[in-house]
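Computation of the quantities below employed the complete heavy-atom set of this structure, encompassing side-chain atoms and omitting hydrogens, waters and symmetry-equivalent molecules.
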Amino acid sequence: MDGNASEGYDKAYSLIAYNVDNHDVQKVVTSQYDSVRIGAFNEDVFGGQKVSYITQLRLNTYNPDFGKNPVIDSVVLTLKPRYETATDSVKTTTTEDYVYPDGNVAAKKVVTTYPVRKYGKYKIGKDVAPLTIKVHEVMDFLGSPADSINTNKTFTLNTDKVLGSQAFNGTVNSVVITKDSDASELLNRAVSFRMKLDNAFFQDKIIAKQGNQVLKDAASFIRYFRGISISVEQNDGYLFSMAPNDAGITIYYKNDVTATDGTGNVTRTKQETTLNLGSSNVHLSQVIYSRAGSNYGGAMVKAVDIKNILNPITSDKFAPKLYMQGMGGSSIGIKIPQYTIDALKQKYKDDKIGIVSAKIRLYNDESWDNSYKKPSSLLVQEIIKDTVRFLPDMTTLSSAGYTLVKTTNLSTKEAYYDIGITASLKDIIEKNSKHDNFIINVGSYLSNSSTGALLGQTYNDRPYNPFRIVLKGIDENNINNIGHEIQKSKNAQLRIIYTKK
């Protein structure tokens with residue numbers, strides 16, 4: 001062999017793996033929400049989950065003038081859930097002999113229907129009945145969008161009065177109506193779900209308060225009308241998502257308008273005003289879990305409390321199955337055993353090894369064998385003493401096309417994840433850097449829309465990410481050999497490629 005040539009080695013070592021209990025809650029700055037979930041879903045492994053959308057609302061204009069004798073015709077809540085656009089899932093219905101009611105105009109009506117993106121039991125009529133969406137008034141002051149709120153925070157609702165209730169069959173639609181005479185548009189309504197709310201409530205709450213202090217500025221209004229809750233009646237079905245800033249409430253009303261031609265004639269004229277549910281408001285997904293009887297509940301008995309992850313992880317905390325779930329569910333912890341670190345340091349000293357690649361490999365557990373979509377991205381924190389940071393690989397190797405997580409066979413029970421930690425391991429072995437734990441969560445990092453730069457560890461979609469998975473952890477029958485080389489194993493493992501001369 002050439003004296004300058006290097007030999008390459010591909011090795012696998014077992015890792016310390018454990019569950020981390022987040023107590024089904026996450027503290028979130030509500031202004032960071034770029035998506036929210038609504039719905040309910042129940043399955044045997046992780047248990048039940050019910051998600052409501054809580055939001056403030058504001059007037060589009062303060063100290064409004066609704067005119068003389070204003071009376072509401074209708075109040076409509078518009079939601080814009082995310083939906084599928086594949087051609088084979090879209091349905092178009094055309095009514096050629098439609099009569100547009102405002103003026104009895106001969107027209108054509110085209111309705112295009114799209115299925116909402118769902119997580120859970122998505123086959124309506126087979127797996128689950130249509131959901132019933134309900135709207136209630138929130139009685140608690142929600143604060144400022146800059147405030148942090150726990151995702152499991154309970155809110156007082158006015159349960160004596162349902163502001164709206166409507167069946168939702170899991171689809172949204174767009175509507176286009178054109179005149180027969182010249183094909184001009186009479187109506188063009190974007191893809192959405194619309195439901196009517198209670199006229200009498202909004203007549204009394206908004207219209208009748210014309211001139212009152214509670215409508216004169218935003219600070220007064222959000223303490224007077226504190227918010228609404230949008231939830232589903234059922235306890236099982238699916239979760240769907242939407243951009244919170246796309247929702248809105250429109251109030252359609254008529255008032256008296258006196259003619260200016262000297263006749264004094266009074267006509268009833270159509271008017272409308274809106275309530276803004278956009279980014280200036282507090283909004284979040286409130287998540288309530290029911291874990292009784294689930295496999296997850298049993299696993300959390302031996303899980304490490306999130307507050308204690310820097311304490312020594314004893315063998316009674318090592319987990320054969322790792323449970324990972326978004327929306328405040330559990331994380332998993334990974335630690336490279338000291339035995340492995342010492343062995344690699346010795347190789348570095350004696351054999352001058354060069355670490356080319358290092359990754360944590362996590363396999364799907366065979367018990368998680370179902371049709372639920374698996375998470376395609378993960379959040380990874382490296383915790384050293386009291387410091388929580390991005391993996392150094394994410395900056396050190398970014399120019400080399402580094403990918404934090406690579407997935408394989410996600411649509412099968414043979415799925416596995418590779419998490420690149422090359423720079424981290426090189427620092428530990430070559431620079432004697434301190435190593436504590438890697439904490440891994442379901443989720444994706446959020447980035448700046450202009451630059452693509454990551455916004456920070458706490459800017460991620462975990463508060464509304466519905467995915468969950470069970471991964472293989474450690475071999476309970478072989479705990480004494482954790483940190484040693486392994487072959488043909490699907491337990492949590494460190495995969496290393498290194499060279500030596």
Between Lys413 and Glu366, does any NZ, NE, NH1 or NH2 come within less than 4.0 Å of an OD or OE carboxylate oxygen?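 Judged by the 4.0 Å cut-off on N to carboxylate O distance, Glu366 and Lys413 do not form a salt bridge.
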
For the residue pair [Y] / [X], report whether a side-chain donor-acceptor contact shorter than 3.5 Å exists.
| X | Y | answer |
| --- | --- | --- |
| Asn152 | Asp24 | no |
| Thr273 | Asn60 | yes |
| Tyr445 | Gln457 | yes |
| Asp418 | Thr408 | no |
| Arg462 | Ser444 | no |

Name each donor-acceptor pair under 3.5 Å that joins a side chain in residues 83-100 to protein atoms two or more places apart or in another chain, with its distance.
from, atom 1, to, atom 2, distance (Å)
Ser89, OG, Ala86, O, 2.7

Taking only residues at least two apart or on different chains, which pairs with a member in residues 41-62 satisfy salt bridge (charged side-chain N to carboxylate O under 4.0 Å, His left out)?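 Counting only pairs at least two positions apart or across chains, the salt bridge (charged side-chain N to carboxylate O under 4.0 Å, His left out) contacts touching residues 41-62 are Glu43-Arg468.
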
Please state whether the rings of Tyr372 and Phe41 are parallel, tilted or perpendicular, taking 30° and 60° as the class boundaries.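 Tyr372 and Phe41: perpendicular rings.
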
Near-ring test Trp368/Phe46, centroid separation under 6.0 angstrom: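 When the ring centroids of Phe46 and Trp368 are compared, they turn out to be within the sub-6.0 Å range.
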
Rounded distance [0.5 Å steps], CD1 in Ile222 versus CG in Leu59: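 Result: 11.0 Å between the selected atoms.
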
If we only count heavy atoms from C-beta on, is the Leu471 to Met324 side-chain gap below 4.5 Å?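 Yes. Closest side-chain heavy atoms under 4.5 Å.
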
Is it true that, when you exclude Tyr459 itself, more than 12 heavy atoms of the residues, nucleotides or ligands shown sit nearer than 6.0 Å to its OH?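 No, not enclosed.
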
Is the count of non-hydrogen atoms from other residues, nucleotides or ligands lying under 6.0 Å from Lys205 atom NZ greater than 12?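 Atom NZ in Lys205 is crowded, with more than 12 foreign heavy atoms closer than 6.0 Å.
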
Would you check if the side chain of Tyr296 reaches a backbone N or O of Ser330 as a donor-acceptor pair within less than 3.5 Å?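 Present.
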
Please report the closest heavy-atom contact between Thr151 and Tyr33, naming both atoms and the distance.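 That would be CG2-OH, 3.8 Å.
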
Check side chain to side chain contact (heavy atoms under 4.5 Å, CB included) between Thr412 and all other residues, then give those that pass, not counting sequence neighbours.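 Result, side chain to side chain contact (heavy atoms under 4.5 Å, CB included) vs Thr412: Asn409, Glu414.
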
